[in-house]
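For the numbers below, each heavy atom of this structure counts, side chains included, while hydrogens, waters and symmetry mates do not. In listed order, ligands and their atoms are each counted from 1.
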Amino acid sequence: MSTITNHMPTAELQALDAAHHMHPFSANGSLGEEGARVITRANGVYLTDSEGEEILDAMAGLWCVNIGYGRDELAEVAARQMRELPYYNTFFKTTHVPAIALAAKIAELAPGDLNHVFFAAGGSEANDTNIRLVRTYWAEKGQPDKNIIISRKNAYHGSSVGSASLGGMAGMHAQGGIPIPNIHHINQPNWWAEGGDTSPEEFGLARARELEEAILELGEDRVAAFIAEPVQGAGGVIVAPDTYWPEIQRICDKYDILLIADEVICGFGRTGNWFGSETVGIKPHIMTIAKGLSSGYAPIGGSIVCDEVAEVIGGTEFNHGYTYSGHPVAAAVALENLRILEEEKIVEHVRDVAAPYLKEKWEALVDHPLVGEAKIVGMMASVALTPDKASRAKFASEPGTIGYICRDRCFANNLIMRHVGDRMIISPPLILTPAEIDEMFVRIHKSLDEAHAEIIERGLMKSAS
Ligand SMILES: *Cc1c(COP(=O)(O)O)cnc(C)c1O
């Protein structure tokens, strides 16, 4: 067989892809017929496809390429590390410099006494670690029945059996026999979709108090931990009302429940602080990290653990670990990524330059006839599409139909913007400049206008009754 290169005709690549490559979160049958877009190169905030089109990537890959594409420093560090020590494990009384240096750097950046890192190859693995960490913690403290983890509907915590059980995605729970036992889901703080006639403030409090109700119902001595994303990402960039997080913190403190912040998207600058927990004002015992940790240049994730939990876990042999926990090449790449984030003051760029400019333009999208609410925290943002702003109506069509039309228009206009149901979301590279933001909005407006016209033409601008 000939070598598969970027220079093969697109149709041939697509045919081979359809024949042999099973895509995640895809209907591979229909994708195969349509043909997947082949991405060949990337630089800065732009991707290039096999037809030579330049595409503005407003999703930073999958929420991860925070420093942008094409940074040679990371490639050089990876090559150097591969030559020096491509692999060694950290299981059996051994360690290596990249894992040591990265763990120490993360401990320095993380707030409070989050001083210990357990490495994984991504966010799903890290959340599986967290399930076993919190249950082992309480078992070691003589409370083995304190093993229920409370999470939220429409949360995303990964795709492995454990992490998808923590997640609250109905479509995932419908396949493959999950969730595992002793995971309990409460409702999400999505005011636009579920707030009814209450104010956002009342609704935020009510949804936080569902945690307290669940603890009282299940028993304080049965609940080990609560896990949540500071801002729900894959669920549609859902930003909780201001009243929500202080109440969650109060409840976790009162009932002695470990708080796990899933920072896989929010961590490393996305919200305008190093961690989303700082932005929403919570003090977690454990943080899940991945994605922006290496800006996606290498697969790595982990759990940042506070002193108290690390000390208790350290009192026993924790029978858990991955072949690639702290992989030296991935760790070296992540360390270089953190150096760039810090030295180039990218978190400050988000906070002082990119996010304020993006916010001004993003919030103005509510003037578009299709847009109901526009939400933004740092460099992650969403709009709810609606046929009737005043009543916050949903569309009469199958949920996601309108979002999908809009997403396809963006794609055709060389803009990567995702849809979650009938919400449109972005999570661009953090290095986005004001000029690139302007260019992005040219494409956003064109796509929304075209989608609006198509929706009217197809008679879909109708409210669900
Ligand atoms: C992507 C994601 C995960 C899963 O990370 P993987 O590296 O895909 O396993 C977990 N939590 C959140 C919040 C995520 O966005």
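Residues in residues 111-127 take part in no salt bridge (Lys or Arg N to Asp or Glu O under 4.0 Å) pair, two or more places apart or across chains.
Between F441 and W362, the ring-plane angle classifies as perpendicular under the 30° and 60° cut-offs.
In terms of N/O distances under 3.5 Å, ligand 1 is approached by K291. The shortest N or O to N or O distance between E229 and ligand 1 is not under 3.5 Å. Polar contact check, G123 against ligand 1: a nitrogen or oxygen pair lies under 3.5 Å apart.
Cation-pi contact between R392 and W191: present, with separation from the ring centre below 6.0 Å and deviation from the ring axis of at most 45°. In this structure, R71 is not positioned above the aromatic face of Y297 in the sense of NZ or CZ being under 6.0 Å from the six-membered ring centre and within 45° of the axis.
Note: Y137 and H285 fail the aromatic proximity criterion, with ring centroids not under 6.0 Å apart.
Heavy atoms from both the backbone and the side chain of Y156 come within less than 4.0 Å of ligand 1.
Between the side chains of D17 and H23, at least one donor N or O sits under 3.5 Å from an acceptor N or O. Looking only at atom types and distance, the side chain of R152 has no donor-acceptor partner in the side chain of N187 under 3.5 Å away.
Residue-ligand proximity, I265 to ligand 1, at heavy-atom distances under 4.0 Å covers atoms 15 (O). Set against the non-hydrogen atoms of G158, the atoms of ligand 1 under 4.0 Å away are 4 (C), 10 (C). Residue G122 has at least one heavy-atom neighbour below 4.0 Å for each of these atoms of ligand 1: 7 (O).
With hydrogens left out, the protein atom closest to atom 8 (O) of ligand 1 is S124 OG, 4.1 Å, a heavy atom. Residue, atom and distance of the protein heavy atom nearest to atom 11 (N) of ligand 1 are D262 OD2, 2.8 Å.
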